Engineer: 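Could you have a look at this structure, given as structure tokens, before my questions?
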Amino acid sequence: MLRFVASRLLRAAITIVMVVTFAFVVLRLSGDPAQIIMGADAPPEAVDAFRTAWGLDQPVWLQYFHYFGAILSGDLGRSMRDGRDAIVLVVERIPATLALTLPALAIKLGLGIPAGIYAALHRDSPIDRTLMILAVAGFTVPSFVLGLLLVLVFAVQLGWLPSGGQESWRHAILPVVTLGIGGAAVLARFTRSAMLEVLGQPYIRTASAKGVTWRNVVWGHALPNAAIPTVTIVGFMVGSLIAGAVVVESVFSWPGVGRLLVVAVANRDLAVVQCVLLLVAITMVAANLTVDLLYGALDPRLRTGARKSGAH
């Protein structure tokens, strides 16, 4: 068990280092932040002074080592726009993002799992086909398209809800629904597939042949076994709470971490972008690690390599 945990922790650490490195290199190749922040009309002397003040005149490899060393010491840098600590700017936006993503996660779980179970238990019925058609539509429509459609119907035409902002709880309804529908559709299809696979196993037929009631077969045998692979997709959804809100927060002008990332990228505010990406990476890696450890607890064969974890 210790070896299993140690291998997963090592993999998580390597993943975070790779994400940090990739983000650093791509941001340096995407444009000169000094020119963008100072403006096209800024004199060359002012632009050069800005580069020197922020260490942008140093070789990229040296900038990387300074940046990585700062991370290890707990310093995630300062915003080039206002000089505030990047971590402070990000932490200020986390409550707004969680105000959308946590209710959306509840919608995904509350709609997706029951719909998938019901569809599997009524396979090839009209309800099953209807649910799966809705599920396919739900996860194939991009979130920004769905968000704009909801704004057009409920904000513009009907006038029931506001189209953006964060003034009241009513402003959160459309972005929460937008985030929740797509995830619920994915979870419904995944849960249905997992249930159908379990229901086709020999031990299910054996239990039924022994006289076990269908209700007990479903609750006592099918659901617990189907829940194991479903943990994977749920873990991914938990890990992508922040990353998944980027587009929706932009559509609805919601002042969360996702919106902060979009603005920081446009302004080439390197420290803020790197801080957000590091937070997203840590969140997703932590969720993946939790799923791995949970799999190891649920199925001891995974700890000995008898079969690969479904989390990857």
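On a predicted model such as this, the values are computed, not experimentally measured, just so you know.
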Engineer: Going by side-chain contact (heavy atoms from CB on, under 4.5 Å), L174 matches just one of V153, L146, L150. Which one?
Structural biologist: L150
Engineer: Does any non-hydrogen side-chain atom of W254 lie less than 4.5 Å from one of T97?
Structural biologist: no
Engineer: Decide yes or no for S79 and D82: does some side-chain heavy atom of the first lie under 4.5 Å from some side-chain heavy atom of the second?
Structural biologist: yes
Engineer: Within the structure provided, determine whether P162 and R170 are in side-chain contact (heavy-atom separation under 4.5 Å).
Structural biologist: yes
Engineer: Show, in sequence, the C-alpha distance, side-chain angles and deciding distance for L149 and V145, and conclude whether the side-chain contact (heavy atoms from CB on, under 4.5 Å) test is met.
Structural biologist: CA-CA 6 Å; L149 288 175; V145 174; 4.1 Å; yes
Engineer: Within the structure provided, determine whether T230 and L187 are in side-chain contact (heavy-atom separation under 4.5 Å).
Structural biologist: yes
Engineer: Under the side chain to side chain donor-acceptor pair (under 3.5 Å) test, which residues partner E197, sequence neighbours left out?
Structural biologist: none
Engineer: Is there a donor-acceptor contact under 3.5 Å from the side chain of R93 to the main chain of G258?
Structural biologist: no
Engineer: Before accepting this row, confirm whether a basic side-chain N of the pair R84/E92 lies closer than 4.0 Å to the acidic partner's carboxylate O.
Structural biologist: yes
Engineer: Is there a side-chain contact between Y118 and D128, using heavy atoms and a 4.5 Å cut-off?
Structural biologist: no
Engineer: Report yes if some heavy atom in the side chain of I94 is under 4.5 Å from a heavy atom in the side chain of L279; otherwise report no.
Structural biologist: yes
Engineer: Between Q274 and L76, does a side-chain contact (heavy atoms from CB on, under 4.5 Å) hold up when you go through it step by step?
Structural biologist: CA-CA 8 Å; Q274 291 167 168; L76 298 180; over 6 Å; no
Engineer: In the structure I gave you, are the side-chain heavy atoms of T178 and F252 within less than 4.5 Å of one another anywhere?
Structural biologist: yes
